[in-house]
Amino acid sequence: MAIVTLTTVPRYDSDRISERKGRAVVVGAGMAGLLAARVLADGFEDVTVLDRDSLADEATPRRGVPQGRHPHALLEAGRATLEDLFPGYGEDLVSAGGVVVDFASDVNFYDEGDFLAHGPFRMETYSASRPLFEQIVRQHVAGLDGVRIRPDCQVADYRFDGARRSVDGVAVQENGERTEIPADLVVDATGRTSRTPTWLSDHGYAPPPVDEVHIDLSYSTTYVERPASDRRTYLVPPSSPRTRGGMAAPVEGDRWVVNLQGVHGTDPPTGFEEFTEYAASLPTPTLKRLLDDRPNRSETVEHYPFPSNRRHRYESLDRFPDGLVVVGDAVASFNPVYAQGISVAALEALVLHRTLATGRRGNLALRFFDRAEDVVDVAWMLAVGSDFGFPQTTGPKPRGTDLAARYLSRLTRRAHTDGELADAFVRVLSMERPPTSLFRPGVLWRVFGPPN
Ligand SMILES: Cc1cc2nc3c(=O)[nH]c(=O)nc-3n(C[C@H](O)[C@H](O)[C@H](O)COP(=O)(O)OP(=O)(O)OC[C@H]3O[C@@H](n4cnc5c(N)ncnc54)[C@H](O)[C@@H]3O)c2cc1C
């Protein structure tokens, strides 16, 4: 199995694509769709991004992205790729109120009974709400030559050529009318509720096999006031046998987003009083203290159920129409506690860039899926590998999960007092380095040798 993370993916280089021709249509202006549009703009004369939502100018949650009301952490693989694809992204985000946090000093990560030691090296990322992350990407994409974003435009089906070998456009519902938009390439970035499997079946293709690992997760989220200079971040993910977890992170508007999590039938509450009581039941009092000490900045506690990690195995299909590619959550969505979705979408955009850079357009989808599989594999292994720590988790268990879990449990406990080990661990969780980096001799020595 090839492993693709930030350090192993070929990085973005616009000079690799010399010719722009044809039209690409991207369905979905979420993070995955916008990232795909960025790399397509190098190879297509016209890139049209369609979204069923109105896409307001402000960074506010919207209907088509209901998860946008909940915290979104940006891992290193996503941060570095966003900076490469959109020079000045971080500055723009910070100008709009986003916050720079350093994993080695601002982030307090509770796992295996204690907080991890702070690492010796700075590891900065951005902290903001999901709507703000997306709005700044959208501004950059809208400014690209040849790219148009069309809101209020719902895609209702794919259009096929006469022989049904290729998708050659989309059927859309816009201003109450059904019309068609022709395209040389259609990219499905419609998220977890993607209709591609159904539309493939409708047009005589087999839908992809699906892997599903059930965790029965729920999120409850609210916001409290934050002193502008306070960047403390707390991560207390559920960890067997504890089915409760939570987190707090600084976001724009001098707020902390405070989020509670429950898995396998444990449901975090939506009333303010119960929310604080639930926070008090976590193994560290920090979230409860934030809720007690800081004025509330939200009228509601938002709730979100997330039943399962889900992965569509497009790479295993023998027959797939030309002219169609699927990206982001439409391919795979992961337990959000591990914050991988944007980073996976970003690495997939780099894979799409590399696939286009070969100069060949034929069989693009299967060539893309083959490489994107290696990105999804890493995120999947880390997410479901951790989720199988709960005996209640059901679904196909990747080989080697239990052994890896035992090793990581020991590594994590050592990392309570060993900042270098904590650093190595976090760089894997953030999809910067491959998991194999945790089996290097220097790391093994820190895990099994005499304690520091
Ligand atoms: C509760 C929760 C918390 C999360 N936290 C994190 C985190 O901390 N860090 C992280 O990296 N990831 C996180 N994720 C995952 C992250 O939200 C996604 O992985 C990431 O944003 C990529 O999503 P996407 O663009 O593929 O799909 P989406 O964000 O779902 O976007 C799909 C878009 O397609 C549009 N659309 C859908 N159907 C149609 C149609 N027929 N026609 C036109 N438009 C259509 C929608 O309006 C929407 O704009 C979280 C997910 C959840 C559920």
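Because the structure is a prediction, the values reported are computed rather than measured. In listed order, ligands and their atoms are each counted from 1.
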Between [X] and ligand 1, which residue portion shows a heavy-atom distance shorter than 4.0 Å: side chain, backbone, both, or neither?
| X | value |
| --- | --- |
| Arg195 | neither |
| Asp51 | both |
| Ser194 | neither |
| Arg63 | neither |
| Ala189 | backbone |

Validation row: [X], [Y] side chains within 4.5 angstrom (heavy atoms):
| X | Y | result |
| --- | --- | --- |
| Arg371 | Glu348 | no |
| Arg52 | Cys153 | no |
| Val47 | Arg23 | no |

- Under 3.5 Å, is there a donor-acceptor pair linking the side chains of Glu302 and Thr300? yes
- Item | Distance-only polar pair, side chains of His70 and Thr221, donor-acceptor under 3.5 Å | yes
- Message: Is it the case that ligand 1 has an N or O less than 3.5 angstrom from some N or O of Gly341?
- Response: yes
- Before signing off on this row, confirm whether Val327 and ligand 1 have an N or O atom pair separated by under 3.5 Å. no
- Item | Numbered atoms and elements of ligand 1 in range of Val27, under 4.0 angstrom, heavy atoms | 42 (N), 43 (C)
For [atom], what's the nearest protein heavy atom and its distance?
| atom | value |
| --- | --- |
| atom 8 (O) of ligand 1 | Ala73 N, 2.7 Å |
| atom 14 (N) of ligand 1 | His72 NE2, 3.4 Å |
| atom 36 (N) of ligand 1 | Arg52 NE, 3.8 Å |
| atom 25 (O) of ligand 1 | Ala32 N, 3.0 Å |
| atom 11 (O) of ligand 1 | Ile342 N, 2.7 Å |
| atom 5 (N) of ligand 1 | Pro71 O, 3.3 Å |

- Options Glu302, Met31, Gln67, ranked by nearest heavy atom to atom 51 (C) of ligand 1, top entry: Gln67
- Set of ring-ring contact (aromatic ring centres under 6.0 Å, His included) partners for Trp199, sequence neighbours left out: Tyr158
Does the ring of [Y] carry [X] above it, NZ/CZ under 6.0 angstrom from centre and within 45° of its axis?
| X | Y | result |
| --- | --- | --- |
| Arg69 | Tyr219 | no |
| Arg244 | Tyr278 | yes |
| Arg297 | Tyr223 | no |

- Message: For Asp211, is there an ion pair with Arg310 - N to carboxylate O distance below 4.0 angstrom?
- Response: no
- Message: Less than 4.0 Å is my threshold; does some heavy atom of Glu134 fall inside it relative to ligand 1?
- Response: no
